[in-house]
Amino acid sequence: QVQLVESGGGLVQPGSGGSLRLSCATSGLNLDYYNIGWFRQAPGKEREGVSFISFADGKTYYADSVKGRFTMSRDNTKSTVYLQMNTLKPEDTAIYYCAADGGYYSDSVLFFHPGVKFDYWGQGTQVTVSS
């Protein structure tokens, strides 16, 4: 049984000191054979892809809105995926979800398509950036 459990969300002030690290503990799957992604959904907005690690090429991809501020990584020994978020902005406020999918994506842009469907999802963790 595959499970994804996020943690690490919270309330943080905007600016250079505003940082959080999200964790996604996985079980029941081998991270080497799944695409792993972080999505977010803000109130009244559609879900959007934030960052992905592709199992096809091993590379990490980011949405333009978070490039240079967010870093995604994984620790296969702990079956855990991380999202380090720095210089947080109020527009980063959202519920953040970890997800996994075993499909083949021929182009990384497909990860960020609004209709992308991943197989497994966590319950989400709230991130609020506010002064």
Side-chain angles (χ1 to χ4, degrees):
Q1 181 180 2
V2 175
Q3 286 190 317
L4 306 172
V5 180
E6 303 96 334
S7 62
L11 171 64
V12 64
Q13 291 189 341
S16 59
S19 297
L20 284 173
R21 188 177 81 155
L22 305 184
S23 298
C24 174
T26 73
S27 59
L29 57 82
N30 185 328
L31 291 179
D32 284 336
Y33 299 107
Y34 281 82
N35 303 293
I36 301 293
W38 287 98
F39 294 81
R40 68 185 181 186
Q41 187 164 19
K45 294 188 177 182
E46 291 189 351
R47 184 195 71 195
E48 64 173 345
V50 175
S51 181
F52 300 88
I53 295 177
S54 168
F55 86 80
D57 60 15
K59 295 181 179 179
T60 306
Y61 299 92
Y62 299 94
D64 289 342
S65 59
V66 306
K67 280 181 183 176
R69 299 189 298 122
F70 290 13
T71 303
M72 184 176 179
S73 61
R74 70 183 187 191
D75 184 339
N76 283 13
T77 65
K78 297 181 179 180
S79 297
T80 300
V81 180
Y82 304 97
L83 185 67
Q84 177 67 45
M85 306 186 295
N86 297 329
T87 317
L88 283 161
K89 304 176 181 179
E91 51 264 42
D92 294 317
T93 295
I95 299 175
Y96 283 71
Y97 299 91
C98 175
D101 185 81
Y104 174 72
Y105 291 75
S106 59
D107 192 313
S108 61
V109 298
L110 296 175
F111 288 132
F112 300 95
H113 190 280
V116 68
K117 296 185 187 300
F118 267 42
D119 294 330
Y120 304 104
W121 292 82
Q123 82 289 349
T125 185
Q126 176 71 47
V127 171
T128 302
V129 185
S130 174
S131 55

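Computed from a predicted model, the values in this text were never measured in an experiment.
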field: For Thr77, all residues meeting side chain to side chain donor-acceptor pair (under 3.5 Å), sequence neighbours excluded
entry: Asp75

message: Quick check on the hydrophobic clustering: are Trp38 and Val127 connected, directly or via other members, by side-chain heavy-atom contacts under 4.5 Å?
response: yes

query: Which residue pairs pass the side-chain hydrogen bond (donor to acceptor under 3.5 Å, both in side chains) test with at least one member in residues 8-22, sequence neighbours excluded?
result: Ser19-Asn86

Heavy-atom pair with the smallest gap, counting every atom of Phe52 and Val50: CE1-N, 4.2 Å

- prompt: Between the side chain of Asn35 and the main-chain N/O of Ser54, is any donor-acceptor distance below 3.5 Å?
  reply: no

- prompt: What distance separates Leu20 CG from Leu83 CG, expressed to the nearest 0.5 Å?
  reply: 9.5 Å

Under 3.5 Å, sequence neighbours excluded: what are the donor-acceptor pairs made by side chains of residues 110-119?
{"unit_1": "His113", "atom_1": "ND1", "unit_2": "Gly115", "atom_2": "N", "d": "2.9"}
{"unit_1": "Asp119", "atom_1": "OD2", "unit_2": "Gly102", "atom_2": "N", "d": "3.3"}

field: Pairwise distance CD1(Ile36) to CZ(Phe55) - rounded to 0.5 angstrom
entry: 10.5 Å

- request: Mind checking side chain to side chain donor-acceptor pair (under 3.5 Å) for Ser130 and listing every partner two or more places apart, or none if nothing turns up?
  value: none

query: Short question: side chain of Gln123, backbone of Val5 - any donor-acceptor pair under 3.5 Å?
result: no

query: Side chains of Lys89 and Val129: closer than 4.5 Å at any heavy-atom pair?
result: no

query: How many angstroms lie between OG1 in Thr60 and CZ in Phe70, if you round to the nearest 0.5 Å?
result: 14.5 Å

message: Can you tell me how far apart CG (Leu11) and CD (Gln126) are? Round to the nearest 0.5 Å.
response: 9.5 Å

- request: Scan residues 101-111 for pairs that pass side-chain hydrogen bond (donor to acceptor under 3.5 Å, both in side chains), counting only residues two or more places apart or in two chains.
  value: Asp101-Tyr105

message: Quick test of your reading: applying salt bridge (Lys or Arg N to Asp or Glu O under 4.0 Å), list the pairs with at least one residue in residues 26-43, sequence neighbours left out, ordered by first then second residue.
response: Asp32-Arg74, Arg40-Glu48, Arg40-Asp92

query: What salt bridge (Lys or Arg N to Asp or Glu O under 4.0 Å) pairs are there with at least one residue in residues 50-65, not counting sequence neighbours?
result: Asp64-Lys67

task: Would you indicate whether the side-chain heavy atoms of Val66 and Ser51 approach each other to under 4.5 Å?
output: no

- prompt: Given the rule that I, L, V, M, F, W and Y join up when any side-chain heavy atoms are under 4.5 Å apart, are Tyr96 and Phe39 in one cluster?
  reply: no

- request: Following the transitive rule for hydrophobic clusters with a side-chain heavy-atom cut-off under 4.5 Å over Ile, Leu, Val, Met, Phe, Trp and Tyr, establish whether Met85 and Val12 coincide in one cluster.
  value: yes

- prompt: Considering all heavy atoms of both residues, which atom of Pro90 and which atom of Pro14 are nearest to each other, and what is their separation?
  reply: CD-CB, 3.9 Å

statement: Applied to residues 101-131, the disulfide bond (SG atoms under 2.5 Å apart) test, sequence neighbours excluded, yields none

Qualifying disulfide bond (SG atoms under 2.5 Å apart) pairs with a residue from residues 27-71, counting only residues at least two apart or across chains: none

message: I'd like to know if Ile53 and Tyr61 are part of one continuous hydrophobic network [Ile/Leu/Val/Met/Phe/Trp/Tyr, side-chain heavy atoms within less than 4.5 Å].
response: no

task: Indicate yes or no for a side-chain donor-acceptor contact from Thr26 to the backbone of Ser79 under 3.5 Å, with no hydrogens or angles considered.
output: yes

message: Under a 3.5 Å distance rule, please check whether Thr125 uses its side chain to pair with a backbone N or O of Ser7 as donor and acceptor.
response: no

- request: Any disulfide bond (SG atoms under 2.5 Å apart) involving residues 101-131? Give me the pairs, sequence neighbours left out, ordered by first then second residue.
  value: none

Inter- and intrachain pairs under disulfide bond (SG atoms under 2.5 Å apart), touching residues 88-128, at least two apart: Cys24-Cys98

field: ring-ring contact (aromatic ring centres under 6.0 Å, His included) against Tyr62, all qualifying residues, sequence neighbours excluded
entry: none

- prompt: Ignoring hydrogens and geometry, is there a side-chain-to-backbone donor-acceptor pair from Gln41 to Ala94 under 3.5 Å?
  reply: no

Transitive ILVMFWY side-chain link Trp121 to Ile95, under 4.5 Å: yes

